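Predicted, not measured: the structure shown is a model, and the values here were computed from it. Order of listing sets the numbers, starting from 1, for every ligand and every atom in it.
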Amino acid sequence: MKDILLMTPGPTYVSERVRQAISKPITNPDLDEEFFAFYDDLCFKLGKLLNTKEDVLVLCGEGILGLEASVASLVEPGDKVLCVANGVFGEGFGDFVEMYGGVPVYINKEYNEPVTIKDLENALNKNPDVKIATVVHCETPAGLINPIEELCPYLHEREIITIVDAVSSIGGIRINTDEWGIDVILGGSQKCLSAPPGLSFLSVSKKAWEKIKNRKTPIRGYYLNLLLWQEMWKEKRIFPYTQPVSDIYGLSEAVKIALEDGEDIYRRHKKIGKAVRETLKQAGFQIYPLEGFESDTVTAFNIPEGIDDVRFRRHLFEKYGVMIAGSWGKLSGRVWRIGHMGENARDDRVFKFFAEFQKALQDFHWDINGNGKKLSEIFAGNL
Ligand SMILES: *Cc1c(COP(=O)(O)O)cnc(C)c1O
């Protein structure tokens with residue numbers, strides 16, 4: 001396979017250290033007590049990254065499993081669930097709620113606008129019997145951030161259980177899970193942590209465990225049942241199913257790298273995110289989300305008029321080995337997305353990206369508005 005510059009908003013570039021960790025010899029995870037300790041240590045480190053003292057579980061399946069498992073375990077038939085739906089993943093949460101018999105109450109907004117306390121207030125005034133709320137921190141398909149540091153404490157005060165999808169922000173944007181009263185926060189291995197796709201993880205607060213344990217109807221399904229983890233793993237030290245040892249080695253190394261960087265990791269994402277946006281703006285592009293609500297992990301911006309989305313991205317990849325993403329749903333064909341999260345949040349990688357991106361744009365006869373400067377030079381100037 002050719003050497004590629006993977007600039008998508010997940011999966012991201014996987015470092016040599018993580019790849020080495022994945023290639024370690026395999027043990028039997030059901031019998032090896034050292035592996036039990038290794039797994040505990042990974043959960044402990046994830047708790048540190050998430051700033052929570054609550055339970056953390058690692059589930060064997062990529063990000064979406066965390067979303068579905070949390071809804072399947074928490075939502076009972078008839079439960080009203082407030083779904084913050086200003087994006088593709090937020091709307092998708094509502095689909096899961098329906099699948100498991102809940103009644104979603106949507107807060108629909110444009111994909112470039114954040115949901116506010118006022119929106120929550122309006123929705124809760126009309127629906128005072130809401131028990132659970134789902135919120136997406138970074139709506140990856142739009143590059144938009146919802147202000148969970150305001151929304152979650154507000155919901156927490158009203159005794160509403162919060163499920164937060166932070167798949168594309170954990171490890172790129174600081175999250176204070178306990179301080180903000182988040183009951184379940186979930187992430188995936190392949191975004192800002194820069195491990196391969198395959199694992200999701202989530203925290204579960206005492207209040208969330210209580211809701212799960214006091215259900216009147218049993219949880220449907222086995223793989224999606226969080227209670228099994230409590231009853232088997234937490235109480236009896238038996239995994240509900242065989243753990244993917246190699247993936248867990250890889251994720252553990254990735255989390256270790258993130259913790260070694262400490263606060264630097266967030267400063268780096270902030271600096272790169274801002275520089276990417278400034279560069280694109282100076283070159284004549286428009287950033288999709290409203291100002292102040294752009295993610296520092298992924299940037300969505302307009303596709304220049306007259307350029308075919310799919311043809312351009314194929315050309316960029318085939319000729320220059322650079323991969324960026326389009327988007328989904330109503331943003332499909334309207335925006336391109338650059339992932340600058342995790343290992344991709346590095347000056348040299350983004351510099352190289354801009355150099356190649358400009359060449360591909362020139363092949364499509366599109367000149368940037370750079371006053372004689374190259375895109376990569378503008379980027380360097382913005383760092
Ligand atoms: C990537 C991602 C997920 C996981 O979904 P996949 O499309 O299966 O990778 C969930 N939520 C958000 C916000 C994501 O960015």
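Here the heavy atom of the protein found nearest to atom 1 (C) of ligand 1 is Lys191 NZ, 1.3 Å. Closest to atom 12 (C) of ligand 1 among all protein heavy atoms lies Asp165 OD2, 3.4 Å. Among all non-hydrogen protein atoms, the one lying nearest atom 15 (O) of ligand 1 is Thr140 OG1, 2.3 Å. For atom 10 (C) of ligand 1, the closest heavy atom belonging to the protein is Phe89 CE2, 3.3 Å.
Using a 4.0 Å cut-off between heavy atoms, Cys138 contacts ligand 1 through its backbone alone, with no side-chain atom that close.
Under 4.0 Å is where a charged nitrogen must lie from a carboxylate oxygen, and between Glu54 and Lys206 at least one such pair does.
Annotation for Glu263: atom CD counts as buried by contact number, over 12 foreign heavy atoms lying within 6.0 Å.
A 4.5 Å side-chain heavy-atom check between Tyr154 and Arg158 finds at least one atom pair inside the cut-off. Put simply, the side chain of Leu5 does not reach to within 4.5 Å of the side chain of Tyr320, judged on heavy atoms.
By the 3.5 Å distance cut-off applied to N or O atoms, Trp328 is not counted among the residues near ligand 1.
Residue contact check: Gln190 has heavy atoms under 4.0 Å from atoms 9 (O) of ligand 1.
Remark: Arg174 fails to qualify as a cation-pi partner of Trp180 under the 6.0 Å distance and 45° angle criteria applied to the six-membered ring.
Of the options Glu62, Glu139, Met341, His137, the smallest heavy-atom separation from atom 4 (C) of ligand 1 is shown by Glu62.
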Verdict with supporting geometry, Leu224 and Leu65, side chain to side chain contact (heavy atoms under 4.5 Å, CB included) | CA-CA 7 Å; Leu224 301 159; Leu65 174 63; 3.7 Å; yes

